[in-house]
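Chain naming here is simple, since letters A, B, ... match the order of the sequence lines and numbering starts at 1 in each.
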Number of protein chains: 2
Amino acid sequence: MPKSKICIRKMCFSVETVKRLSLYLRDLRKLAKKKIELISSNKITQLLNISPAQFRKDLSYFGEFGKRGVGYEVKKLIKKLEEILGINKEWRIAVVGVGRLGSALLRFEGFSKFNIKIKTAFDISKKKVGKVINGIKIEDVRNLERVIKKEKIKLSLICTPPQVAQDITNRLVRAGIRGILNFAPVALKAPNNVFISNVDMACELERLIFLLNNER
Amino acid sequence: MPKSKICIRKMCFSVETVKRLSLYLRDLRKLAKKKIELISSNKITQLLNISPAQFRKDLSYFGEFGKRGVGYEVKKLIKKLEEILGINKEWRIAVVGVGRLGSALLRFEGFSKFNIKIKTAFDISKKKVGKVINGIKIEDVRNLERVIKKEKIKLSLICTPPQVAQDITNRLVRAGIRGILNFAPVALKAPNNVFISNVDMACELERLIFLLNNER
DNA sequence: TACACTTTGTGAAAATAGGAACAAATGCCA
DNA sequence: TGGCATTTGTTCCTATTTTCACAAAGTGTA
């Protein structure tokens, strides 16, 4: 499988670049909080374990944001990154599966920083349907297609058991979803124009165990 | 920063290889459940969006596990992968921070598949300390070092607010922890001999938003 | 203005990862 | 047994990613 590449402005870069942009943005926000106005590529990458050249090259795909001999204006760069990432406008998302993880996510306040608003949630259990968590009403999963279409939601989190995740994916795609963040431990299939990203605790833990187990 | 590499048996491979091993293992277990005894590199990678050559190369770092003209014995390969990953023996871990995510993890049954046992949990809140969730007693975070050392725990999950995650990391390292799975949205610093892995919802979501925002 | 310092942006080089392709090994069937 | 069909393990080549290194551009000072 070829690594996915992204091409805009006649240049191509990898998804890794995009992930790093998020990291930069997070650190820049911290700096802004500390009232730091100017930062060099050297300083900002010291904390992140990324090389300064990488930082500069990542940004270079999108334009010139620094001033030679000076560095980068923190506030300005934050604005630019928010623009590049697309989080300068609100994104409404759905959560499918209101188990322990799903309900933790419904209550998670951190999303608003990225202009993400959980608009609706779905579950199959009679007990949960109709309940309201953190202002979000839990809908019957049978109405998934209808609600997603009506609300024109384009992004969804999947927090269901792995056995039903693929079925949910198919239904989400049919309903017009274009991006899925999958927490279920299963590799999902979807058309090429639907982006899937996996949060996989198992893999990460196993990686750590492998490393501890294979030292020296 | 150079990409981290792992070298054993005179060969070097990337952490990506290790992550893929986890994916292979997961699929092999599914096949075993379906009573499938033999599988080819072609078949198993079809589901995973990985090339057969990649699969074979990943395995080749650790030995020869297939039979030419035939394929791989599912059960045998599962055993081998468990051995390679180090999950053939029990790993006891700690969870620091019993908020919504932390308590969801304490109740998560999926760990046992990887021979992972949450041995202890820590929190700062008086309300939570002493409570037992899913058989796991919540300890006062002030006793972190003592308990970790006494129980000889080597792996920990961090589910605290980001502001305290670095301080917790420092204390865990002092107590002898060798691997950390970090859920807090912050880049943690630790000595080179301590492995850190991040589960970063924010980055993943931002990546999806970027992709949706930059189509065509 | 001249000169010494910084720091960016970027083309070129180095390092890394991925994939095609094929010899070697195995099974099957006539 | 011989020939054909599979499929692995591995080499070599290609593509991608990261880093190096330096010109260009800006600041500060005398």
Side-chain angles (χ1 to χ4, degrees), chain A residues 1-21 23-24 28 31 36-46 48-74 76-77 80-81 84 207, chain B residues 1-21 23-24 27-28 31 36-74 76-77 80-81 84 207:
Chain A
M1 174 193 64
K3 271 243 158 135
S4 41
K5 242 182 357 184
I6 303 149
C7 302
I8 60 172
R9 280 170 30 102
K10 290 187 192 153
M11 286 169 126
C12 295
F13 50 92
S14 73
V15 293
E16 295 303 310
T17 291
V18 181
K19 284 196 195 177
R20 284 192 296 265
L21 293 183
L23 296 178
Y24 303 150
L28 286 164
L31 294 171
I36 293 167
E37 295 182 358
L38 223 58
I39 192 83
S40 70
S41 59
N42 250 294
K43 286 236 179 74
I44 192 166
T45 52
Q46 263 166 22
L48 286 170
N49 219 23
I50 292 172
S51 77
Q54 180 94 78
F55 175 85
R56 298 200 298 273
K57 178 147 270 189
D58 283 340
L59 291 182
S60 77
Y61 294 119
F62 304 94
E64 304 194 1
F65 307 114
K67 208 183 253 178
R68 296 174 188 219
V70 184
Y72 301 84
E73 277 181 53
V74 173
K76 191 177 132 195
L77 191 51
K80 286 288 178 189
L81 283 179
I84 293 167
R207 190 167 75 78
Chain B
M1 174 194 67
K3 271 244 158 133
S4 42
K5 245 181 355 182
I6 302 149
C7 303
I8 60 173
R9 280 168 31 100
K10 291 188 189 152
M11 285 168 127
C12 294
F13 50 90
S14 73
V15 292
E16 295 304 311
T17 292
V18 182
K19 285 196 195 175
R20 283 191 296 265
L21 293 183
L23 297 178
Y24 303 150
D27 261 40
L28 285 165
L31 294 172
I36 294 167
E37 295 182 359
L38 222 60
I39 191 83
S40 69
S41 59
N42 250 295
K43 286 236 179 74
I44 193 167
T45 53
Q46 263 167 21
L47 307 157
L48 286 169
N49 220 24
I50 293 173
S51 78
Q54 180 93 76
F55 175 84
R56 298 200 299 271
K57 180 168 263 184
D58 284 338
L59 291 183
S60 78
Y61 295 119
F62 304 94
E64 305 194 358
F65 307 113
K67 206 182 255 180
R68 298 176 187 217
V70 182
Y72 301 84
E73 274 181 56
V74 173
K76 192 177 131 195
L77 191 51
K80 287 289 177 189
L81 283 178
I84 292 167
R207 189 167 75 77

- prompt: Could you state the NZ-C1' distance from K5(B) to dA15(C), rounded to the nearest angstrom?
  reply: 8 Å
field: Over all atoms of both residues, closest heavy-atom pair of P52(A) and N42(A)
entry: CG-OD1, 3.7 Å
- request: Check whether any side-chain heavy atom of Q54(B) lies under 4.5 Å from a side-chain heavy atom of D58(B), and answer yes or no.
  value: yes
- request: Whole angstrom is fine here: how far is it from OH in Y61(A) over to P in dT8(C)?
  value: 17 Å
query: Looking only at side-chain N and O atoms, does S14(A) come under 4.0 Å of OP1 or OP2 in dT17(D)?
result: yes
message: I want to check something: taking the side chain as every heavy atom from C-beta on, are L59(A) and L81(A) in contact at a cut-off of under 4.5 Å?
response: yes
Between P of dT7(D) and CD1 of I44(B), the distance in whole Å: 14 Å
statement: Interatomic distance, CG@L21(A) vs CZ@R207(B), rounded to 0.5 Å, equals 12.0 Å
query: Atom CZ of F62(B) and atom C1' of dG9(D): how far apart are they, to the nearest Å?
result: 15 Å
query: For S60(B) and dG9(D), is the shortest distance between a side-chain N/O and OP1 or OP2 below 4.0 Å?
result: no
statement: Closest non-hydrogen contact found for S51(B) with T45(B) is O-CG2, 3.8 Å
message: Under 4.0 Å, counting only non-hydrogen atoms across every strand here, what does Y72(B) touch: a base, just sugar-phosphate, or nothing?
response: sugar-phosphate
query: Does K57(B) get its side chain close enough to the base of dG19(C), under 3.5 Å, for a donor-acceptor pair?
result: yes
task: Please determine, for the side chain of Q54(B), which listed nucleotide (dA21(D), dG9(D), dG19(C)) has the closest atom?
output: dG19(C)
query: Does the side chain of R56(A) get closer than 4.0 angstrom to OP1 or OP2 of dA21(D) through an N or O atom?
result: no
query: dT7(C) P sits how many Å from Q46(A) CD, rounded?
result: 11 Å
- request: On DNA chain C, check which nucleotide each of D58(B) and F55(A) is closest to and give me the residue with the more 5' one.
  value: F55(A)
query: With a 6.0 Å cut-off on ring centres, are F55(B) and Y24(B) close enough?
result: yes
message: Side-chain N or O of S41(A) versus OP1/OP2 of dT7(C): is the shortest distance under 4.0 Å?
response: no
message: It should be established whether S51(B) places a side-chain nitrogen or oxygen under 4.0 Å from OP1 or OP2 of nucleotide dG18(C).
response: no
message: Could you tell me how far apart K19(A) (NZ) and dT17(D) (P) are, to the nearest whole angstrom?
response: 13 Å
- request: Figure out the CG/C1' separation between N42(B) and dT8(D), and round it to whole Å.
  value: 11 Å
statement: Heavy-atom nearest nucleotide on DNA chain D taken for T17(A) and for A53(B); more 5' hit belongs to A53(B)
- line: Heavy-atom contacts, protein to nucleotides 24-30 of chain C, under 4.0 Å, summarised as B (base), S (sugar-phosphate only) or - (none) per nt, yield BBBS---
task: Heavy atoms only: give me the nearest L28(A)-V74(A) pair and the separation to one decimal.
output: O-CG1, 3.5 Å
pair R56(B)-Y72(B): side-chain heavy atoms closer than 4.5 Å: yes
query: What is the distance from CD of E64(A) to P of dT7(C), rounded to the nearest Å?
result: 18 Å
task: Among dT8(C), dC22(C), dA17(C), find the nucleotide with the atom closest to the side chain of S40(A).
output: dT8(C)
